[in-house]
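Below is one structure, written out as structure tokens; comments come after it.
Counting starts at 1 for both ligands and their atoms, following the listed order.
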Amino acid sequence: MAGTAVRGRLTWQTATVTSVVSETVEVRTIFLEVPDWAGHRAGQHVDVRLTAEDGYQAERAYSLASAPGEPVAITVERLSDGEVSPYLTSELRAGDEIEVRGPIGGYFVWDAADGGPLLLLAGGSGIVPLRAMLRHRSRVGSTVPVRLLYSSRSWDDVIYRAELDRPADGVAVIHTLTRQRPPGWTGYARRVDAAMIAEVAWPVASEPLAYACGPTSFVEAVASALVAFGYPARRIRTERFGATGQ
Ligand SMILES: Cc1cc2nc3c(=O)[nH]c(=O)nc-3n(C[C@H](O)[C@H](O)[C@H](O)COP(=O)(O)OP(=O)(O)OC[C@H]3O[C@@H](n4cnc5c(N)ncnc54)[C@H](O)[C@@H]3O)c2cc1C
């Protein structure tokens, strides 16, 4: 049994795209049919491999956007000068095949049994694994209190906006828009900083669990602010997507 699970995680498999959904102008959610899928935990990712006609291969990691038990999905932001994300977001269609391996990762995961309260901090597409955690919480009927602080460039760049506009009971979603705000915007309008963390974070005494995900610079700034606020490092889990803008 363990052998099967290991083989499933480490072996490249051909996945078929079942549908592609637009989240924002630059972001698509890609639903995949993976024949030998062993199941996953909220927060894990897959590796995606593309092979060009001349044999050149490129691999990138993408967080799983769906909760355990839901159809496998990834959500990809298009970086116009990137190698892989423009193909995934602009070229891929239902019926196409890509190679994946996973699920991968045992650290940046949340199971309802891990409890909370939860502080989720997302920068841009860093929302993806946190969304899987929120969906997992709902699916299993968890009542763990959650605060999600989500930093986006503009309101139009907010991924899963409709879903986040109707949070489950016990979930508070707080947005900050770093570059452009709609008229009349009264929310945060700057990058996440220590003052914002102090206003949004659960008190240290409530022994919260924090998950921060996004561009490396975002994650490092947020994690430092949380430590300065008094969160023990062992209660802060981080996932860095690389030097992508936010
Ligand atoms: C665990 C994990 C999970 C992730 N999950 C997601 C996810 O859910 N959604 C998502 O959208 N992304 C996710 N990412 C990021 C993803 O793996 C890719 O890095 C991203 O899609 C960009 O890939 P790309 O091939 O399009 O861009 P790349 O070709 O890799 O380029 C990325 C950026 O780096 C710049 N660059 C490339 N080469 C150089 C160079 N030599 N010098 C200077 N700059 C350079 C490019 O201009 C571009 O802006 C995740 C990353 C990790 C590690």
query: How about Arg240 and Thr238: does a side-chain donor come under 3.5 Å of a side-chain acceptor?
result: yes
task: Considering the heavy atoms of Val128, write down every atom of ligand 1 situated less than 4.0 Å from one of them.
output: 8 (O)
- prompt: Is it the side chain (CB and beyond), the backbone, both or neither of Val27 that lies under 4.0 Å from ligand 1, heavy atoms counted?
  reply: neither
- request: Indicate the ring-plane relationship of Tyr150 and His175, choosing parallel, tilted or perpendicular according to the 30° and 60° boundaries.
  value: tilted
query: Between Trp155 and Trp185, how do the two ring planes meet: parallel, tilted or perpendicular, split at 30° and 60°?
result: tilted
query: Does the N or O separation between Glu239 and ligand 1 drop below 3.5 Å for any pair?
result: no
task: Classify the side-chain pair Arg78/Ser90 by whether it contains a donor and acceptor separated by less than 3.5 Å.
output: yes
- prompt: Does atom CG of Asp169 have more than 12 heavy-atom neighbours from other groups under 6.0 Å away?
  reply: no
message: Taking 4.0 angstrom as the limit and counting only heavy atoms of Val76, give me the atoms of ligand 1 inside it, by number and element.
response: 11 (O)
query: With atoms numbered from 1 as shown, which atoms in ligand 1 lie under 4.0 angstrom from a non-hydrogen atom of Glu83?
result: 24 (P), 25 (O), 26 (O), 27 (O), 28 (P), 29 (O)
Best match, Gly242, Ser80, Pro129, Ala61: closest heavy atom to atom 17 (O) of ligand 1: Ala61
task: Using a 4.0 Å heavy-atom cut-off, say whether Val84 meets ligand 1 through its side chain, its backbone, both or neither.
output: both
task: Compare Phe108, Tyr87, Phe241 and give the one whose heavy atom is closest to atom 4 (C) of ligand 1.
output: Phe241
field: Closest to atom 23 (O) of ligand 1 (judged by heavy-atom distance), picking from Gln44, Arg60, His45
entry: Arg60
Within residues 48-101 or reaching into it, pairs that qualify as ring pair (Phe, Tyr, Trp, His ring centres under 6.0 Å) - sequence neighbours excluded: none
field: salt bridge (Lys or Arg N to Asp or Glu O under 4.0 Å) partners for Asp111, two or more places apart
entry: Arg41
- line: Note: ligand 1 atoms sitting under 4.0 Å from heavy atoms of Leu79 are 22 (C), 32 (C)
task: Of the side chain and backbone of Arg240, name the one, both, or neither that has a heavy atom under 4.0 Å from an atom of ligand 1.
output: backbone
message: For ligand 1, which is the ligand I care about here, please tell me if Pro86 has any N or O atom under 3.5 Å from one of the ligand's N or O atoms.
response: no
query: Just by distance, with hydrogens left out, do Glu33 and Thr18 show a side-chain donor and acceptor under 3.5 Å apart?
result: no
